[in-house]
Each structure stands twice: as C-alpha cells, then as structure tokens.
Amino acid sequence: MSTSGATAIRRRPRPRGARQSAAVSTLLLIGVATAVIIRIAVTGATWSSSAGATLLFSAILLGLAASSGWRPGRPGGRALGWGVVGAAVLCAPPALLRLLGAHSLAPPPAVPLLGWVPTVLVVAAAEEILLRGALFDAVTAMFGDAAAVAVAAAAFAALHVPLYGWGAIPLDLAAGVWLGSLRVASGGVAAPATAHALADLAWWWLR
Amino acid sequence: MVVAVSGRQCRLLFLGAGVLLLAAVWLLLPRTAPPLYDSAPAPADPYRFLTSSPPAAVAAKDVPVTGASSPPFIAGSDENPPQAQILVGAGSLPLPPGATTVRVTITPVAPPPIAPAHQRVDGNVYRFALTASGTPVGLRAGAPATIVLRGPSGAGQATVARFDGTGWTTLNSTPIGTIADTYAANVTSLGDVALITSPSSGGGGGGGGGSGATVAVAVGAILLVLVTAAILTIRLARRP
C-alpha cells in the first residue's frame, strides 16, 4: 500500500494477475474453511480446549500462507508499537467493564498459564499471517485495501462461529476490521499479530 | 466514484472505522462472547465437586424487575465453563405484586438418598431456586426454563434429570456441541437437577472419534492438498 502522496481508497483492478489473485483468495478461503472443519473433526466437542487441534489448525494456516508465497518481513519497532496500541483498543472495553463492575467475571482458569501461552501465541500469529498476510495481499492486489479489510474480517468472524456461536459475529467482525486497519496503517502483519496475541493473552485476566 | 485521499488520511480512515465499529459493538450489542477475539483454546477448569477443594461454586444473581412481567435472564456458576446455568425467558415467572427483584440461586447439594434407576448421578446435584422480592416463585405453565449442566470429563452420554422428592425424572436433553460433557434441557419446574449416566458409560465423551470424523479429516486433508496444489500452480503460471 502507498504510504505517502495521493492514493485512492478504491483502486482500479490490475489487469495482469487480477484473475490469479481472485483465484488465490478464493482458494485461501476454502483452505481456511477446511482447516476449521478438520479442527472440529479431530477433537469433536472438546475442540475449544484441545491444544493439539489448535496447533494442527495453526500449521494448516501457516502452510496455506507459505504456499501462496507469503514471506515474513522484518517487523520494526513502529509496527510493534502499532500492535501494542491495537491491543489496548481491543482490551479497553472489557477492562473498563470489569473496572466498573458492569459484569462479573470469572477468576482465572485453574490450568497452568505457561502451558496455555505458547498455544495462544501460535494460533494468533497463524491466523494473522493467513488472514491479514496472505489473504490480505491477494485481495488487495485486485480490489484494494478496503476490500481486503472486509474479506479478512469476514473470514475472521466466520472461523470463530463454531467456537462462540453466531452471536459472536458482530464482535469478531469489528475486531477483524480493527486488525485489518492496523495492517493498513502499519503496512505489515506484525502490528495485527501483536495486537491479536496480546488481546488473546489478556483474556486470562479479562474474561 | 473514486475519492482521492492522502496515504495518511487513508490510514486514519481505516483506523477510525475500526475503532468506531468496535465501540458500537461493545456499546450497543449484548455481550455474547468472551472478551477475546480469537479461537485460542479456552482451557476448561477441572470439574469441581461439592466436596473438592475448591468446592463447586454457589451462584446467586439478583435481576431487577422494571415492568409488570418478569425479565429474561441467564445465571450460571463461576467455573469456566459454568457447571450449572439457567436461562429464563421474559414473563416466565408469576411475580407477586410490588416485586422489584428476582433472585436466582444455584446451589450444589448432596445427592438425595434415592439413586436414579439403573443409572448414577454424574457430578453434582444442583438446586435451582427463584424468589421475587423474597417470595419463592415457580415457572408459569407453558413457560419452561432451560437448564445447562456440565459434568465431569469423560463421563460419556449423559442426560439431565430432575429429582422431585420421590424419584428421578429424565428430561429430553441436548448435548451442547462446543462444550464437552455439557447438556441442556427444558424444565417446567425447578428443584434438584443433575446429570445422570448409565454405570457402564464412561470415557466416551469428548473426542471426535467415529467414522464420520475420520472421513471428514480425510476429505479435508485431500481438499487441502488440492487447494495447495492449485495455489502453487497459479503462482508458477504467474512467473514470466
């Protein structure tokens, strides 16, 4: 994306490679859906608490991203700063509600925190690399940043339906748009991945 | 129409849209999901029995009454996920005149001396009770409440049952798909409710298993190979 000078929110489709980008986008979305189905099938009703299935899911997403040609850039301090700000925005509403006592929250889970953290970091990074990395690049190449934010956010919300139900769609959609906007603002995956991972870790205290 | 904006303005537009959308969802919509936005595994607490340490939680919730009819509410115990929950619809309770609050309590109690026929109680027995401004109330006819119970892991197929003081009545129960060992049932009256299983049952809960899951994984794996191959083919075709 352009970082300076005049640009346009709606970009003209690029003639060369446009079809290929659309095809890659579609294939990546099929891949994400397949990864969700495999995750559920592997562990059935316990899928939400199965670290093994989560890591398998993450590996599939990373494999899909790699096959599409996505390669990690070098995250700078600015991107990580965007990520911290992004996490603060994601965590502010539940933190405020908790401080104000607007809803009661359960005590931390009775499982080891250290055993949970690596899985959370891996799945957050994998989702961002696939959605705000590979898929975002493919959609941007044809339709521009706005479409990429929308498509990645929709996919992000959809892949959480089996875990949280349809009622979580608005929240996950909004979070997806925010993570996509971090991608646009920072120009890379490091910012949304950092925000995503930190917000997920904060769940331990904010749930 | 194409709107020309600077790169900085473009970034601010996206960030502003993201913040506004998040704020709108948190302010306007009921909270239906935990405050995380990801499918990170939510580790379940070990099952807490009445006698374990810490013991199973007692839940009590006061719901304000604002109109003439009783409000809808959900209450549950503090475990993650809750071991006992109740969902009551609007107007389901016959309120005494002047009632300002409805109090729901969910208390784990010792199992009654009468065991269910050819079955065993799986986990705690929970006593569900409702009062309106201190007066005990029941459910209106034709307005059932839904009770959700989570049992100890690996208990196998279970059923929600209600103890009426003389015996156990099994209720039409539905497993909650995304939470292991958890079942929901509608009740027309409250009281002591528990999950029951057959004594031979056990170890069957949880895992996906089964030929259906195996087929799904196999088909999914094949589809993934095809998707990956297609993406690689497209990438190779792009090269000059």
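Hydrogens, waters and symmetry mates play no part in the numbers below; they use all other heavy atoms, side chains included.
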Validation: residues 81-90 of chain A side-chain donor-acceptor distances under 3.5 Å, sequence neighbours left out:
none

Report task. For chain A, find which of B/V217, B/L21, B/L232, B/L15 contributes the most heavy-atom pairs closer than 4.5 angstrom. Result -> B/L15

Query - Selection from A/V122, A/L173, A/I60, A/I37 maximising heavy-atom pairs under 4.5 Å formed with chain B - result: A/I60

Requested in this report: Examine whether an atom of A/A33 lies under 4.5 Å from a heavy atom of chain B, and if so say whether it belongs to the side chain, the backbone or both; otherwise answer neither.
Outcome: neither

Requested in this report: Answer yes when A/R71 and A/D137 have at least one side-chain N-carboxylate O distance shorter than 4.0 Å, and no when they do not.
Outcome: no

Query raised in the report: A/T34 versus chain B, heavy atoms under 4.5 Å apart: side chain, backbone, both or neither?
Result: side chain

Report task. Could you list the residues that satisfy side chain to side chain donor-acceptor pair (under 3.5 Å) with A/S21, not counting sequence neighbours? Result -> B/R238

Requested in this report: Can you see which heavy atom on A/L130 is nearest to which on A/L64, and at what distance?
Outcome: CD2-CB, 3.8 Å

